[in-house]
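Labels below follow one simple rule: chain letters A, B, ... track the order of the sequence lines, proteins then strands, and each chain is numbered from 1. No experiment lies behind these values; they were computed from the predicted model shown.
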Amino acid sequence: MHSYMSIDWQSIQRKWINAWDESRIFESDPIDGKPKYFITVAYPYPNSPQHIGHGRTYTLADVHARYMRMKGYNVLFPMGFHYTGTPILAMSKRIAEQDRELIETFVNLYGVKPEYIEQFKDPVNIARYFHAEIKEGMREMGYSIDWRREFTTIDLLYNRFIEWQFKRLKDKGLISQGSHPVGWCPRDQSPVSQHDTLGDVEPEFVEYLLIKFILRDGSDEIEEGLLLPAATLRAETIFGVTNIWLNPDVDYVIAVVDGERWLVSMNAAERLSYLNRHVDVERIIKGRELVGRRVIVPLLNRDVPILPARFVDPSNGTGVVMSVPAHAPYDYQALKEIKDGIESGVYYCHYDGILKKDILNGVEPIVMIESEYSKDGIPSEVVIRRYSISSQDDPRLNDATNELYTHEFYKGRISSDSRVAMNYSGMSVKDARERVREDMLKENLADTMLDLAKPVRCRCGAECVVKILRDQWFINYSDREWKRLAHQCLDSMQVLPEEIRDEFRYVIDWLRERACARRSGLGTRLPWEESWIIESLSDSVIYMAYYVIAKYARQLPTSSSMDEGFFDYVLLGIGDSSSIAESCKISKDLLEQVRQEFLYYYPVDSRHSGRDLVPNHLTFFIFNHVAIFPQELWPRQIVVNGSVLMDGKKMSKSLGNIVPLRKAIREYGSDAIRASLLISAELLQDADFTLDMLKSIKEKVERLYNACMQFANVASRGESNTHPYNKMGEENREEHEHEYVYEKQEDLWLMSRLQHMVKSTTEAMDRLRVREALNNLLYIMDQDMQWYLKRARSKGRGDGDIACAILQFLNARVRMLSPFIPFICEEMWSILGGKGFVSMAEWPKVAPSMINNIVDEGESLIMNVIEDVEKIIKVISMKPSKITIHVAGAWKWELYLRILGIVNEGVTKYGDVMRMLVKSIGSRSGSGSGSDHHHDDNNNNDDAVAGYAKSKPEIVKRMMDSILSTPPESRLRRASIGMLDEVRVLCDAIPLLEKEYNCKVEVMVEDNSSSAKKVALPYKPAIYIT
RNA sequence: GCGGGGGUUGCCUAGCCUGGUCAAAGGCGCGAGGCUUAGAACCUCGUCCCGUAGGGGUUCGUGGGUUCAAAUCCCACCCCCCGCACCA
């Protein structure tokens, strides 16, 4: 019986997973004449177990798949596993090195049995382990996947497929080779990006100009003509150079760099070699050994001294710095300290060298940029004073520098004195910088050097550098024509949610050459150069096509006989099947069957992923499809969803709030997790996962489950002869469900409501507005049922009498809920006596004949009256002993409907409406505008209405207000049903009202005698409480 | 800097495209009542301010504008979040 029992979610889950497996309902093969729908999700990278965050994307795709299946499509929803890439390899290396932290993560966090760890030295074993783990989680979540098509990206046949893809791209000229700079860890010998660095810093590059100062006075050990390349980002300040800085305590080297003898810091020499400069170090020398000598400033041919400075960082630029004291606060401060030191005779303390006083002769700041700051003297002095800085070790020098640099860059002009700035006089700083740079490079007075903008450390602790990779292979996403096709594809595609489309547009334009191969990692080798392995974001762009082939993988050879011919034929229809079959050593039938199946399922109808893949994978997916496939096989839709928060916080290892999916399933059950993930936010928003939500969903579902039990029991007892639900027959109940004719007001209403709910939910699902759909199904339909029960029960109707309508309502609700919470819905479906699996049942259709405007308006009138009664009782705070309801009389209805007609024609100003009402006086046979002919087109009637309007303008005003605050659809509906018989409607609700307020309730048409202040209006009866 | 998203009633989040049903859905939290030996759970109601008659007032980042009517449309401004690569 219907005792209030709680549900054993786990065993229901197990029961239906097995049932689905046995019946193989989610396996999809081509069916002639049946429309297909091909849904794919980004396959997982198996380097850790899934957590609930992953669950959102997959659950959304599964809900979509299940929905489309119920809509009658032959849905293909497959899954693969992405082994390609370096992280798994890096993990296995760390395991091999007995990395404690990682092993603990595996054992404690991921629940890996310690005895497995040993095997994890082989990266493939890591992948296989988590592959199995993730797959099991997906099955437990109830994803309706066709598992026969599962594959991994290191399967031999997949390798053949990727080789084919790359040959196609190369044939089309979309693969190029060249060099490009990357952030690089010298210890790991590999590129670093943000997530490889300490503190997740993105390595940023700057390009220094190296201005080659020439050593003037040589000596035995250091010959004249040695070049001192000073690194700068402000080439234009060369006109203000007064000296060169070297750090006296740092090791410098004299080295031949690409044929020239340079002095740079030892550290810089190493970095230069990563930039593919040919560097031969001749000798090491301390900075102080050069201090005091003089160098020639190129371009200007002035000579200036070399001075010592502590702030010079050997690991930044070249370790040689040109000094522009008027415009660089650091330089100004360092110079000042030397001067002060020499004055007081203490400067010797800072280094071993001897600094003669006369070395500073002529070393005075040269102001060569004019701006606000130069009006009051020397710009750098001005800012230093403002920040009250007194030492070159003061960190605020950075702020002072930024302030002055920014100001001068935007507002500054080069000195108009051509003795200072030659023919660059008067230019803006911006222009001068560019010109000086170009001119000096042209004359070989300068060189360039890439460097990291800020120091970056690798996770391993080593200092990173910029490395120029040579002979790197690229996919050339800059290709103009390719971009054009990608835009064309995007424009023709559905993008859900639509807000994200502009981001795709931007990414398509912004993409440049992308390195597509690496030296290490799992994956497929470049077919034309086997020392390279195709990188993971490049071997995952058209694999959706491979799901077709994967089904046949066991019947296909993996050897080199599976060459381009096979894939050309299957995927592009190129070639002759007999000869290709022969060369592939497979049967012609098989070959043609695979081709036919590909043509059946392709293109991809919907591609799902998290929004983090928009700037990379999803855009590459578009690019590669348009490059390889003909237009009719381009993808049709992309669906992007936001991420998952845990109790409002981002999930992260450090917070320790990552919930493994399988653990959550064991604790809460899959259905509740699925619904929670989808109900808490619309697509693009982050979804907040909370236990409260989980609990509330479970309770709602349990209530639904109990209702199913209760009324299914009633039906099966057959205790009532009014059981058309049973008579509808188990076989094709859904086809007959619209045939039964209800008579009672609330039954008609429930059925009408159901149609609205089916309509609105279906529309929401079509746009994948799953939150809205779930809200309808879980909450709004529940409210409707509560109202219905209240109405029916107040009339004394028993379970047997209402079971029919309720079961019909529940039947549709369970079906519509089944994509979201499939396990419990299968259970409820079988309780309700549904045939087969609810997973394969038909999605409810709207029965227009059951939409009943009069009943809808009637019920909402009842609800409004109750609301008004509540309000009144609340305000007067007394228990009513009698409630009297007066509904508007006929003449008010006439007037109301007339005004409604006028408003529906677009006249909404009070004055205009009034004029139109009055105008009808005396106009024979009426203009008819807005009047309701089905009532009476008698002119006397028009006159009467006009008369009322004239004599009671305040009523017209109130009616106007009431009509204008009614939504347009409702205005049309009210106009179409004409006069509502309010007395009949409200009398039907008297039992409910009397029960609710425990007093006598009376309904009557207003009478003129009751001279009350409150005047009844249509849809707004007057209420008296005594 | 460039690009994208967003600021809603205690909190989270709908609504905005297609102006009126909006004092604004849903969830959470909180309060009252019911149930219970008690508690938990559950159920009902309430939850911007004022009000002994269904009403009025002030709200949807800020300031303007359009309109009979603006959370919704237009303009300007302020603030927050995310992405910017060779990495899954």
Checklist entry - Taking 4.0 angstrom as the limit, do A:K1020 and A:D868 come out as a salt bridge? => result yes

Checklist outcome for this item: A:D686 atom CG is separated from B:U13 atom C1', nearest whole Å, by 12 Å

Checklist entry - C1' atom, B:G6 versus B:G57: distance in rounded Å? => result 31 Å

Item to check | Length of the NZ-P vector between A:K650 and B:C82, whole Å | outcome: 6 Å

Checklist outcome for this item: Closest of B:A14, B:A88, B:C43 to the A:Q685 side chain is B:A14

Checklist entry - Tell me: CG of A:L972 to P of B:U18, nearest whole Å? => result 18 Å

Next on the checklist: What is the separation between atom CZ on A:R767 and atom P on B:G15, rounded to the nearest whole Å?
Outcome noted: 9 Å

Item to check | Phosphate OP1/OP2 of B:G54 contacted by A:K1020 side-chain N/O (<4.0 Å) | outcome: no

Checklist entry - How long is the line joining CZ of A:R514 and C1' of B:A85, in whole Å? => result 6 Å

Checklist entry - Would a distance-only check, ignoring hydrogens and angles, find a side-chain to backbone donor-acceptor pair under 3.5 Å from A:Y543 to A:Y43? => result yes

Checklist entry - Starting at the 5' end of RNA chain B, which residue's closest nucleotide do you reach first, A:N616 or A:T966? => result A:T966

Item to check | A:R958/A:D961 ion pair, N-O < 4.0 Å | outcome: no

Checklist entry - If you measure from the P atom in B:C28 to the same atom in B:A23, how many Å do you get, rounded? => result 25 Å

Next on the checklist: For B:C43 and A:R703 - does any side-chain N or O of the residue sit under 4.0 Å from the phosphate oxygens OP1/OP2?
Outcome noted: yes

Item to check | Parallel, tilted or perpendicular, as decided by the 30° and 60° cut-offs, for the rings of A:H54 and A:H51 | outcome: tilted

Checklist entry - OP1 or OP2 of B:G15 sitting under 4.0 Å from any side-chain N/O of A:R769? => result yes

Checklist entry - Are A:H180 and A:F474 an aromatic pair by the rule of ring centers under 6.0 Å? => result yes

Checklist entry - Distance between the C1' atoms of B:U59 and B:U52, in whole angstroms? => result 27 Å

Checklist outcome for this item: Closest of B:A85, B:G20, B:A88 to the A:L537 side chain is B:A88

Checklist entry - Hey, does A:P1021 reach any base, or is it just sugar-phosphate, or nothing, if we go heavy atoms under 4.0 Å? => result base

Next on the checklist: Measure CG/A:L1017 against P/B:G54 and give the value in whole Å, please.
Outcome noted: 14 Å

Next on the checklist: Taking only the C1' atom of each, what is the distance from B:C60 to B:G7 in whole angstrom?
Outcome noted: 10 Å

Item to check | Euclidean distance, atom CD1 of residue A:I883 to atom P of B:G54 [Å, nearest integer] | outcome: 16 Å

Next on the checklist: Side chain of A:I872 only, heavy atoms from C-beta on: which candidate in B:U18, B:A53, B:C42 is closest?
Outcome noted: B:A53

Item to check | P-based separation of B:C16 from B:C2 [nearest Å] | outcome: 31 Å

Pull out every protein N or O sitting under 3.5 Å from an N or O of nucleotides 23-27 of chain B, one pair per line with the distance.
| residue | atom | partner | partner atom | Å |
| --- | --- | --- | --- | --- |
| B:A25 | N1 | A:R771 | NH2 | 3.1 |

Item to check | Value in whole Å for how far the C1' atom of B:G83 lies from NE2 of A:H617 | outcome: 17 Å

Next on the checklist: Can you confirm whether or not the ring centre of A:Y45 sits under 6.0 Å from the ring centre of A:F81?
Outcome noted: no

Next on the checklist: So does A:L511 get a backbone contact from the side chain of A:K483, meaning a donor-acceptor N/O pair under 3.5 Å?
Outcome noted: yes

Item to check | Check: A:Y779/A:D784 side-chain N/O donor and acceptor closer than 3.5 Å | outcome: no

Next on the checklist: Between B:A41 and B:C48, how far apart are the two C1' atoms, rounded to whole Å?
Outcome noted: 31 Å

Checklist entry - Considering only the P atoms, how many Å lie between B:A32 and B:U8, rounded to the nearest integer? => result 29 Å

Item to check | Pair A:Y110 + A:F130: ring centers closer than 6.0 Å | outcome: yes

Checklist entry - How would you list, by chain and number, every residue that makes a side-chain contact (heavy atoms from CB on, under 4.5 Å) with A:R771, sequence neighbours excluded? => result A:E682

Next on the checklist: What I want to check is whether an N or O donor and acceptor connect the side chain of A:D612 with the base of B:A88 at under 3.5 Å.
Outcome noted: no

Checklist entry - Given A:R501, which of A:E503, A:E499, A:E498 fulfils the salt bridge (charged side-chain N to carboxylate O under 4.0 Å, His left out) condition? => result A:E498

Checklist entry - Counting only non-hydrogen atoms, which of residues 498-511 of chain A are less than 4.0 Å from RNA chain B? => result A:E499, A:D502, A:E503, A:Y506, A:W510, A:L511

Checklist entry - Are any of A:T86's side-chain N or O atoms less than 4.0 Å away from OP1 or OP2 of B:A88? => result yes

Item to check | Among B:A88, B:A53, B:G20, the nucleotide that comes nearest once only the side chain of A:Y1024 is considered | outcome: B:A53

Next on the checklist: Between B:G19 and B:U67, how far apart are the two C1' atoms, rounded to whole Å?
Outcome noted: 9 Å

